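To start, I am sharing the structure in question, which I have written as structure tokens.
All of these numbers come straight from a predicted model, not from anything done at the bench. All heavy atoms count here, side chains included; hydrogens, waters and symmetry mates do not.
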Amino acid sequence: MGNCLQPVDPIFSIDTNFSSLGDEESWNESYEQFYYNNSSLDDAAPCHSCNLLDESTLPFFIVASVLGLLAAGAVLFALLRPLFHWELCPGRPILMQLAVGSALFSVIMPVLAPGHSTSLGIILCSLGHLIWYGLAFAQALLIACRACLGPRLGTCQFPCFTLGLTVGLWGVAALLALPISLASVAFQGFCTLNFSRGVGDLQYLHATVCFAIFFLLPLGLVGVMGLKKALGRGPGPWVDILWVWFIFWWPHGVIVGFDTLVRARVFLLPSCLAQKVLDMLLHLGEALAILHCVATPVLLALFCHQTSRTSLPSLSLPARRSSLDILGTKS
């Protein structure tokens, strides 16, 4: 990102700064040789680009955390006690894991909120980033796993395999979040990243993981679905409203990847304005990703409502009565 430093004031021209050296003739010769001017000083000055998610956005973090925790708790209660026939939802264990992940994300969000991270220390900053991105990676992998398993979830085939697979996905997500955890530092009230030599490689690895999980993974699912439909090779990945989850993290994965290429000087930005726009997009992408903790329970509720409404009329009368008896017993 750009530095929050004011650029050099153009009123301090070349003549006023260097005329006090007393050798105006020598200076004029060097000026003619290297063609210095005021605009070159402006271009060399640090770019003024401040963080949009600063201490003033702490209420945003708190409100999103509270709303996300309440919504996830309500969805978990409805899934554990099927008051609305949500026990008919295929893959209910995966849905509950998504709700748990959203709730935990809401809990950890105030820890990484700007303004008070210096009192927490580097250990809690590292742990916070590990949980933050580990939960996001786990939710993305769970949604992709559910899309690939498809209708087999509704037939309760291989429950042990499904449970072991989801546990493995949580482990993989934790491993993928390790680079960002090791590169985390607390600096001036913010949990940020350390770009020193050696540690910067961890940040580049984290950007690669974000780009792969948040951008390439949903793009690959769409590509496989289109390819299977075009070749007539049977049904592709199961498409439902839960795929909307990727919309909240897709910009973050793309912009983080591009920002890393800019830092590595693979792409050179033409001006300070371009750097400011990139930093603003980076912060807006992070804010949109934060809102997923509120949107995920809503998406789960909509999916379960649609599924139960379409599945209940298709049940036979004895099956419907047994479902109601189970509901009455649990209540």
Side-chain angles (χ1 to χ4, degrees), residues 1 4 49-73 98-140 170 173-196 199-200 202-207 209-211 213-214 245 248-253 255-257 259-260 263 279-297:
M1 299 178 190
C4 284
S49 181
C50 291
N51 195 345
L52 296 180
L53 299 177
D54 54 10
E55 294 89 343
S56 62
T57 59
L58 183 59
F60 166 74
F61 282 82
I62 295 176
V63 171
S65 176
V66 172
L67 291 179
L69 190 58
L70 292 176
L98 288 173
V100 170
S102 178
L104 293 177
F105 190 94
S106 300
V107 172
I108 200 64
M109 191 188 309
V111 176
L112 296 180
H116 65 276
S117 299
T118 51
S119 61
L120 298 176
I122 186 174
I123 295 179
L124 283 182
C125 276
S126 299
L127 183 60
H129 273 130
L130 176 66
I131 298 175
W132 177 293
Y133 279 100
L135 292 172
F137 294 154
Q139 291 179 73
W170 281 95
L175 291 176
L176 293 177
L178 276 180
I180 187 69
S181 175
L182 297 176
S184 297
V185 293
F187 179 73
Q188 294 184 354
F190 296 91
C191 282
T192 183
L193 301 181
N194 185 6
F195 289 97
S196 61
V199 181
L202 295 175
Q203 199 274 341
Y204 300 144
L205 179 59
H206 167 71
V209 172
C210 285
F211 184 77
I213 296 294
F214 299 140
W245 184 94
F248 292 89
W249 283 97
W250 181 84
H252 181 72
I255 299 170
V256 165
D259 180 69
T260 302
R263 291 180 185 276
D279 289 345
M280 183 182 66
L281 292 176
L282 191 65
H283 303 149
L284 291 177
E286 184 179 350
L288 181 63
I290 289 172
L291 291 177
H292 96 275
C293 67
V294 181
T296 301

* Asked: Which heavy-atom pair separates Cys125 from Leu112 by the least distance, and what is that distance?
  ->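 The pair with the smallest heavy-atom distance is O-CD2, 4.2 Å.
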* Shortest non-hydrogen contact between Ile213 and Ala140, atoms and distance ->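 Between these two residues, the closest heavy atoms are CG2-CB, 3.6 Å.
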* Asked: Rounded to the nearest 0.5 Å, what separation is found between the CG atom of Leu135 and the CD atom of Gln139?
  ->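 Between atom CG of Leu135 and atom CD of Gln139 there are 6.5 Å.
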* Looking at side-chain heavy atoms only, is the closest gap between Leu52 and Thr57 below 4.5 Å? ->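 Leu52 vs Thr57: side chains apart.
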* Output the distance between atom CZ (Phe105) and atom OH (Tyr133), rounded to the nearest 0.5 Å. =>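 Rounded to the nearest 0.5 Å, the CZ-OH separation comes out at 8.0 Å.
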* In Å, rounded to the nearest 0.5 Å, how long is the span from OG of Ser184 to CG of Leu202? ->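 Those atoms lie 9.5 Å apart.
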* Side-chain touch Gln203/Thr260, heavy atoms, less than 4.5 angstrom ->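 When only atoms from C-beta onward are counted, Thr260 and Gln203 do touch, with a gap below 4.5 Å.
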* Where Val294 and Ala64 come nearest, the two heavy atoms and their spacing ->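 Nearest heavy atoms, Val294 then Ala64: CG2-O, 3.6 Å.
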* Asked: In Å, rounded to the nearest 0.5 Å, how long is the span from CG of Leu58 to CG of Leu53?
  ->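 Answer rounded to 0.5 Å: 11.5 Å.
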* Return yes if some donor-acceptor pair links the side-chain N/O of Ser181 with the main-chain N/O of Ser126 below 3.5 Å, else return no. =>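 Side chain of Ser181 to backbone of Ser126: a pair is present.
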* To do: Check whether any side-chain heavy atom of Ile290 sits under 4.5 Å from a side-chain heavy atom of Trp132, and report yes or no.
  =>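 Yes, their side chains come closer than 4.5 Å.
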* To do: Might you point out which heavy atoms bring Ser106 and Cys293 nearest each other, and give the distance in Å?
  =>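 Here Ser106 and Cys293 meet closest at OG-CB, 3.5 Å.
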* To do: Find the distance between NE2 (His292) and NE2 (His252) and round it off to the nearest 0.5 Å.
  =>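 Result: 11.0 Å between the selected atoms.
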* Taking the six-membered ring for Trp, are Phe214 and Trp249 parallel (under 30°), tilted (30 to 60°) or perpendicular (over 60°)? ->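 The arrangement is parallel - the two ring planes meet at less than 30°.
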* To do: Compare every heavy atom of Thr296 with every heavy atom of Ser102, then report the nearest pair and how far apart it is.
  =>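 Nearest pair, atom of Ser102 first, then Thr296: OG-CB, 3.9 Å.
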* Asked: So, do Leu291 and Phe60 sit near enough that their side-chain heavy atoms are less than 4.5 Å apart?
  ->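 Side chain of Leu291 against side chain of Phe60, heavy atoms only: contact under 4.5 Å found.
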* Asked: Are Asp279 and His283 close enough that some pair of their side-chain heavy atoms sits under 4.5 Å apart?
  ->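 Yes, side chains in contact.
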* To do: Hey, could you give me the CD1/CE distance between Ile255 and Met280, rounded to the nearest 0.5 Å?
  =>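 Reported to 0.5 Å precision, the distance equals 9.5 Å.
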* Does Phe248 have any ring-ring contact (aromatic ring centres under 6.0 Å, His included) partners at least two apart in sequence or in another chain, and if so, which? ->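 Applying ring-ring contact (aromatic ring centres under 6.0 Å, His included) to Phe248 gives none.
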* **Minimum-distance pair of heavy atoms, taken over all atoms of Pro179 and Leu205** =>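 Closest approach of Pro179 to Leu205, heavy atoms only: CG-CD2, 3.6 Å.
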